[in-house]
Every structure is written in C-alpha cells, then in structure tokens.
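Quick notes on the structure that follows.
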Amino acid sequence: MIGATLAGPEVRSTGEGDRAPVIQLDDVHKTYYMGADIQVHALRGISVQVEQGEFVAIMGRSGSGKSTMMNIVGCLDHPTKGRYLLDGVDVSTAPKAELADIRNRKVGFVFQSFNLVSRTSAIENVELPLIYAGVGSRERRRRAEEALEIVNLADKMKNMPNQLSGGQQQRVAIARALVNDPAIILADEPTGALDTRTAIELMGVFQDLNRERGMTIIIVTHEPDIAEFGKRVLLFGDGRIRKDYDQRQLEVLRKEHHMSELGGSAGSWMDDVHEEDAQ
Amino acid sequence: MKSLAILRIAFWALGRNKMRSALTMLGIIIGVSAVIALVSIGQGAQSMIQQQLESMGTNVLMVWPEDTRGSGGARRNSDDEGTLTAQDVIAIRSEVPLVTAASPIVNANGQLIFGNRNTYARVQGTSEEYPLVRDWEIAHGEFFTADDVAAAARVLVIGQEIVDEVFDGVDPVGQTVRLRNLPFRVIGVLASRGQSGMGQNQDDTVVTPYTTAQKKLLGQALPRVNQAMMKVVSQDAMPFAESQTINLIRQRHNIVPGMDPDDFAVGNMSEVADAAQETTFIMTLLLGSIAAISLVVGGIGIMNIMLVSVTERTREIGIRMAVGSRPGYIRLQFLSESIMLSLAGGLIGVVIGGGASTLISQFSTMSTVVSAGSVLLSFGFAAAVGIFFGYYPAHKAAGLDPIDALRYE
C-alpha cells in the first residue's frame, strides 16, 4: 500500500492520457442542512480533473465553496451528490474508517494554522501518519528524518513546535504531509499566518516538491501572489468553478497587464480575476 | 504494531500531565486500598470465628432438655425441671453406633477456694469422655476415669485461667481446693483455648465427674443433666446420628411423634458455625460494598478528567484524524488512557491496602486476612471502572468530526 519510497529520484509521470487523473470530480454537490428547512448549497455541481504532477491554486471569496471543495477532495467529507474518484478509486460513499485509511495513504494536509500536535517534537509530528499506517518504529524514524531533510529542517528534529518559527512549523507540517508519499498534497491557506518573505520561501518548498518530485499539489489561497506559484488556477464563486486558467492562459493574462517586474509579484492581473467573480 | 504505538501515545499523554494523572489515580487508589483493607478485616474476623468454632470440637451433636409445659416451647435449663438423665446419655452412647463419645453436662457453678485466694468457677459435671467430645487436651496431669465417675470421686480438672488466678505459680496438680465448701483434689489442667464461638471464655472451666456434681455439689433428688454432648464419627454422619438420637430419646421418654411434644431439643455446632459464618460474611460484604462506593466515585473522577481532556485536545484529535487515524484508533487511545489510570491506581491501591491491613493486625487486636480473592476482585473492579467510565469520553472523542475538530479553538 505504501509502495514507493520518498527518496527515490524517479519523478511521477505527468499523466498524459495513459493514466487516470489523480482527482476526478463529476457534478459534485454539497448541501448543508441547518435545521428543518434551511439549506446551504456550498457546492452546486463541480466537475474537474486534476492530473498527476499538477500544481493547482484555488481562489475565491469566502463562502465561494473552496473550503468545502478542499474537505471533499481531502476525504474529510462526503459529497451530497455526484462522484469523486481519487487515484482512480470512487470514494464518494466510503465509510468513515475507510476514509481515514484513504487520507492516510493518499492525502497530505497542510493547514493555515500549522496544526502540529503541541508538546510533541518535530520528528514525532512527522511520524504521526506512519503510526496509523502501521509502520514500525525504526522505519518510521528513518522516513520522518528523510521528510524533514527534504524541507531543510533536519537540524530541528527534536524541537517542540513552540521552539520553532512559523515558517519552520509550516515546513514540519509539509514534511508530515509528504511522509506517506501521498497522491496529493492539499494546502489550505498555507501562508495565511506567515509574513510575506517567509510565505514566498515556503511556496518555494511547494514548488520544489512539484518540480523535482512530481508531487500533485493543490493550494487554496486568497492572495494573488501565492496563487501565481500555481501552474493552473481555479476560480470559485457561488459554489461553482467560474474560471479554469491553464498555464498558457495565465501567461496571456500576465502579459496583458504588462508585468514589468521580474517574477511578477505585483499580482495586478488577479484583480481582474476577482472582478469577474464579482459580476 | 499499530495498537502498541497507540498505547505508547496514551502513556505519553498521561505523562504530559503528571499532576492531573496522579490526582485522578488517587480516587482509584483510595477505593482499592479501602476495599482490600476493609475486606481483610472482615475475612480476618471470619477466620477467627472459624478457628474458635473448631476449637469447641467439631462433629458435636448436642441435646438439651426442654420444658413441655410452657407455651411457645421456650427452652428451659433449670436443674430440677429437665427430663434428660445421665442414663439417656449412656443409652445414646451404647445404642447409636455413629456416636463415638458422649458426655452429659451438669452445671454446678460455685466458689473455688485455694489458700487465701478464691474465684467463681464455671463448674461442669461430665464423664471421662469429655476430652474426646470437646477435642480438648490435658496440658498437665490427667483427666478423671470411669472409676472416678462411678465412685463420684471429689476430683477436679481445672482451666488455665483458674490456675493463673488462684494458684499463683504453685503447681495445682495434687493440691486440695475447696469447691462449694467441699474439699476436692486437683488432678489435671486443661489446655488453654481462649474464647468460644459465642464469645464465652472457656479457660475458666472446671470439670468434675457428673455423679459428683449431681450428688455432692447439687444434692439432686432426681439426678438430671443440663446438656448432652455427643461426638459423631464424621460431619456427613451428623443427620443420621441426629435422627437416631431423637428416636432413641423419644422411645426412652415415651413420646409418640406427632402426638406428644418433644421434651428435648437437638442441635449441633455446625449450625452455630453456619450462622456465625453468615453473619461475618454479611459484615465483610457490607464493608466491601461501602469501600466499593469510593471506587465508583474514583471512576467518576476518571470520567470527569477524560471529558476535560477530550475537550482540551479536540484539535489534536482533529489532526490525528486528518492524517489518517480511524475513529476506532482515537477511541482506543482515550480508552487506554483511562484504563492505564485505573490499573496503575489499582496496583498502588493493592500495595497500600495490603500494607494498611498488615498495620491494622499489628497495632490492634483485630486480625486481618488479605486474600487473593479480595485483591483480584478489587483490582478487577478497578479495571472495570476504568473501562466503564472511560468508554463514554473515548466514544465522544472518536465521534468528533475532523473538520470541526480542526477548527476548534
């Protein structure tokens, strides 16, 4: 079940039709029922595919359904209607315990508020998913050390979360997300609690994981600067996907806005994206 | 592998809050040690009573004369109104084969004087088979013989307490004492036995041939006995020996069963022993259940702390679920925490309870018995308390929704 090792130099094939998409959502709806007759339609028919090795940024205003989408993609929640295939397997109706196993094997989470277990050392936090995967303690330690090396934190292994800076804590969280060699890494506002410089640094870590290791990464953010790291941007609005920009389209948008500065961190083109959403 | 790792997480979580864990355990510690100490007192009393009843002689059948004129069948022991005679006892001895020894008992209490000392002695007139019937050894000297009984000899065998009170270091055997103002020769001393099962001191007993008691001490016109004691061959033979004895006495007293009331009553020590055992057993049960209440209170303490802990660690639970912990693993983790608390508390409680009962037996007159049963019972009860009161908080933790738990502040 946990086949490939992390350290392996091989890069996952960037699915060119020969493999099923990592994520396939077919007309997914999510409706919350609050009380007798109040219904909240958080998702109103989402259909999207994410291929292996993609780096997707999801944008949208609060209440646009992007968090609900993340919960469903992360197997924390079931869709009310529709079908969700993760790595080719239909998980739309899997029972709770099975969902937990799927999260354990296929999904790595990074949260805005880091969500490390307090008073527990960095390496033990990274080992957490491996405990539930039933990996032996020695193997657990070895793989956790590897994961921490990938995020350049090998020297802080024994530190407690409160002895680490925000950026370092988030890197521990990334190490924890990738330690089980998951099919996707889901990051929900991963830079929301960090200053701009640290945020850019952290996005570099994600970018390396995507480029060098071919990991599929999905990031939810409301900051255009951060979204720019993505190779594809999904724009959410009112429970639907309003826009789906691929890399080429994003280039066009950038040019239109005469991005003068190198690296294009001004992010003015994103304002347009938001305006479209508002209409 | 997985369960072991989860147990380690639980253990580590308890270690993170040492003070809280210790205080939570305290409830169980007090409960278990109270159960063990109190039950040990109860069982100590039980075994003491058992010992004393055995010291009265086992397999002993007793017959008392009973007044037939009084209403309600109230038992009378008065010397001149009973109808039981020494000849009845002799007949039982010779005609009931299951009876291996028999002694009549004639009460003839009186003042016993030696030199310038005196005491009120509990005098029993009996036969030469008395030591056999009562399983009573002679510590010093000898017991009287059938010849002494036939001759109504003025000889005494005295209890240890009489020796201590009256003889003051003088060897009593061979001495002459005055009992009810008649001179008697002391020929033996009974071994010390302490209190009887009914709480009566047995060491102030003085025995003499029943003939001597009837003729010389009491001067009865119609020789009667107050009681007859028969040694039966075994415990199993008691019911047969009893019915045969009853039939024989009825026959001798011309009583038609069903028409005339019996003028005697039959009983045995095992009935007394059973009653005493039952009483002390109920006492032990009572003490144990009162202590068990504190164990339950300790369990509620565990539940309280576990509920606080689950609320406090909601976010941790959310994280664990997000990285792939099944709800069942969360349940196992929290349940193990409460079971570890109760087992550790139980273990410490066993040690403290055992120590306390040892101290009680050393510094008081109570004897205590710590039995494997009470240790297992209280330890098992503690474990059960841990499971019972730990289940709800653990179930609550396992039922948390990971999305809500992750957002919990």
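Quick note on labels: first sequence line is chain A, next is B, and so on, each numbered from 1.
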Any side-chain heavy atom of A/H29 within less than 4.5 Å of one from A/L43? no
Shorter than 4.5 Å, heavy atoms on both sides: which option in B/E316, B/R16, B/M321 has the most such pairs with chain A? B/R16
Part of A/S118 within contact of chain B (heavy atom distance under 4.5 Å): both
What part of B/R313 lies closer than 4.5 angstrom to a heavy atom of chain A: side chain, backbone, both or neither? neither
B/L406 versus chain A, heavy atoms under 4.5 Å apart: side chain, backbone, both or neither? both
Under a plain distance cut-off of 3.5 Å, with no hydrogens placed, do B/Q43 and B/T284 share a side-chain donor-acceptor pair? no
Tell me which of these, A/N115, A/V117, A/L76, has more heavy-atom pairs under 4.5 Å with chain B than the rest. A/N115
Taking A/R142 first and then A/E146, would you say they form a salt bridge - that is, a charged N and a carboxylate O separated by under 4.0 Å? yes
Under 4.5 Å from any heavy atom of chain B - which part of A/I102: neither
I'd like to know if the side chain of A/E124 pairs up with that of A/S121 as donor and acceptor (distance under 3.5 Å, no hydrogens or angles considered). yes
Out of B/P327, B/A322, B/P402, B/G318, return the one with the most heavy atom pairs under 4.5 angstrom to chain A. B/A322
Are B/Y391 and B/F389 an aromatic pair by the rule of ring centers under 6.0 Å? no
If every non-hydrogen atom of A/L130 is compared with every non-hydrogen atom of A/R140, which pair is closest and at what distance? CB-CG, 3.3 Å
